[in-house]
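FYI, side chains are in, hydrogens and waters are out, and symmetry mates aren't considered; it's all heavy atoms of this structure.
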Amino acid sequence: MGLLRPAVEDVKARHPEPVMVDAGSGNAYLGFVLYELYLKDAAAGSLVSVEGRPELTERAKGRAERLGFSRMRFQTAHIDQAEYPERIHLLMALHACDTATDDALIAAVRHGADHVAVVPCCQAEVAAQLKENRKAAHGSMGLLFAHPWHRREFGSHLTNVIRALTLESFGYQVTVTELTGWEHSLKNELILGRRVHRDNRRARVQLERLLAETGVNPKLTRELGVKPSASVGELPPVEAEEAVASADEAPSAES
């Protein structure tokens, strides 16, 4: 909640009826805590929980009724098949497995979310593509994932690099930081995005080039129409409005 606070306070300040979405919500614990802290006493604002397992949806719906959280809404659907509000102000996804995190990011981009916060979980798609396209990798790149163990780890890292760069290319200022200590969870990478521009040409070129050099094209980039670069030219000049938040600017849990 400390890491989400700046995003929540921003959308509450700028939108009279902020819409927040918890994609792949499970038991909706994240949504309940957020509602308790930021929406319960607010004049307006709603939170939509999207979960594919009907028994979890019904359980969470009953809990919301008992607590009187009348502006919590629940939908039983997979993330890529859900009916989202036309406009989303904050979208979050905690430990959505493999391409489910991509589905959440796709929804955020397509619905113009002001803020995005995702903590990816297990990832397999890119590792499988690396295995199939080893010969497509440029230069010595293939050496980074020649062994199955390295391919799994490199694939996981590459997946999240592509996710962050994709958000940047669609105009988000991105921060990648730690959600919690390793002793609590091995899946602790938090990707935060705040939309500040319509797009970022330099990030788009970097993303297309990265896809070409590694020989991968995951669901996220495919669905958003990003294709590997066909040629390698000079990058567009860096513009001030396209600056990306550095690691030194990563928010802390106390901020």
Side-chain angles (χ1 to χ4, degrees), residues 1 3-4 7-8 11 15 17-42 44-128 156 159-160 163 179-180 184-193 218-220 222-224:
M1 289 301 107
L3 291 164
L4 285 176
V8 175
V11 298
H15 303 287
E17 296 187 5
V19 177
M20 306 179 196
V21 173
D22 184 6
S25 57
N27 283 297
Y29 294 145
L30 177 62
F32 279 109
V33 175
L34 187 148
Y35 193 99
E36 169 72 25
L37 293 177
Y38 300 118
L39 292 179
K40 185 177 71 172
D41 297 324
S46 60
L47 191 146
V48 181
S49 293
V50 176
E51 170 55 44
R53 291 164 289 185
E55 66 276 13
L56 298 187
T57 302
E58 291 304 314
R59 188 184 305 163
K61 188 183 299 183
R63 186 181 299 115
E65 291 174 356
R66 292 194 301 273
L67 292 171
F69 288 5
S70 59
R71 284 176 280 119
M72 282 190 81
R73 303 200 304 272
F74 301 90
Q75 183 178 161
T76 300
H78 293 295
I79 298 175
D80 61 343
Q81 298 173 351
E83 295 183 5
Y84 293 97
E86 182 176 348
R87 183 73 162 84
I88 297 173
H89 301 115
L90 166 63
L91 184 141
M92 50 193 173
L94 177 61
H95 292 157
C97 285
D98 199 20
T99 58
T101 293
D102 292 327
D103 294 330
L105 294 175
I106 291 166
V109 170
R110 287 178 174 171
H111 292 271
D114 298 63
H115 292 269
V116 182
V118 298
V119 180
C121 197
C122 54
Q123 301 165 35
E125 185 192 29
V126 166
S156 178
T159 299
N160 288 339
R163 285 167 173 164
L179 173 69
T180 186
H184 299 297
S185 174
L186 295 178
K187 308 297 183 181
N188 67 344
E189 183 172 341
L190 172 64
I191 301 174
L192 294 167
K219 184 176 184 180
L220 175 62
R222 295 196 311 271
E223 290 291 323
L224 293 177

Electrostatic pair E125:R222 at N-O distance under 4.0 angstrom: yes
Contact check, side chains of L91 and H111, non-hydrogen atoms, under 4.5 Å: no
Worked verdict on R163 versus E189 for side chain to side chain contact (heavy atoms under 4.5 Å, CB included): CA-CA 12 Å; R163 285 167 173 164; E189 183 172 341; over 6 Å; no
Closest non-hydrogen atom pair, I106 against K219: CD1-O, 4.2 Å
Any residue meeting salt bridge (charged side-chain N to carboxylate O under 4.0 Å, His left out) with D98, in chain and number order, not counting sequence neighbours: none
Nearest atoms (heavy-atom pairs only) where I79 meets A100: CD1-O, 3.6 Å
F32 and F69 aromatic ring geometry - parallel, tilted or perpendicular at 30°/60° bounds: tilted
Over all atoms of both residues, closest heavy-atom pair of P120 and N160: CG-OD1, 3.3 Å
Partners meeting side-chain contact (heavy atoms from CB on, under 4.5 Å) with V19 (sequence neighbours left out): S46, P85, H89
Q75 (side chain) donor-acceptor with V48 (main chain) under 3.5 angstrom: no
Carboxylate-amine/guanidinium proximity below 4.0 Å for E55 and R53: no
Validation: residues 22-31 side-chain donor-acceptor distances under 3.5 Å, sequence neighbours left out:
unit_1 : atom_1 : unit_2 : atom_2 : d
S25    : OG     : V50    : O      : 3.4
N27    : OD1    : R59    : NH1    : 3.2

Beyond-backbone contact of M92 with L47, side-chain heavy atoms, under 4.5 angstrom: yes
Check: Q123 side chain, C121 main-chain N or O, donor-acceptor pair, under 3.5 Å: yes
Approximate separation, where rounding is to 0.5 Å, of R87 CZ and E17 CD: 13.5 Å
Within 6.0 angstrom of Q81 CD, more than 12 heavy atoms from elsewhere: yes
Heavy-atom closest pair, residues V116 and L90: N-CD1, 4.5 Å
With sequence neighbours excluded, residues passing ring pair (Phe, Tyr, Trp, His ring centres under 6.0 Å) with H78: none
Interatomic spacing from OG1 in T99 to CG in L220 - rounded to 0.5 Å: 10.5 Å
Shortest non-hydrogen contact from Y35 toward S70: OH-N, 3.7 Å
Identified side chain to side chain contact (heavy atoms under 4.5 Å, CB included) partner of I191 from the options T101, V118, L105, V119: V118
M1 and Y38, any side-chain heavy atoms less than 4.5 Å apart: yes
Contact check, side chains of L39 and M72, non-hydrogen atoms, under 4.5 Å: no
Which residues share a salt bridge (charged side-chain N to carboxylate O under 4.0 Å, His left out) with E65, sequence neighbours left out: none
Y84 side chain vs A108 backbone, donor-acceptor pair below 3.5 Å: no
Which atom of R71 lies closest to which atom of G45, heavy atoms considered: NH1-O, 2.6 Å
Results of salt bridge (charged side-chain N to carboxylate O under 4.0 Å, His left out) for R110 - residues two or more places apart only: E223
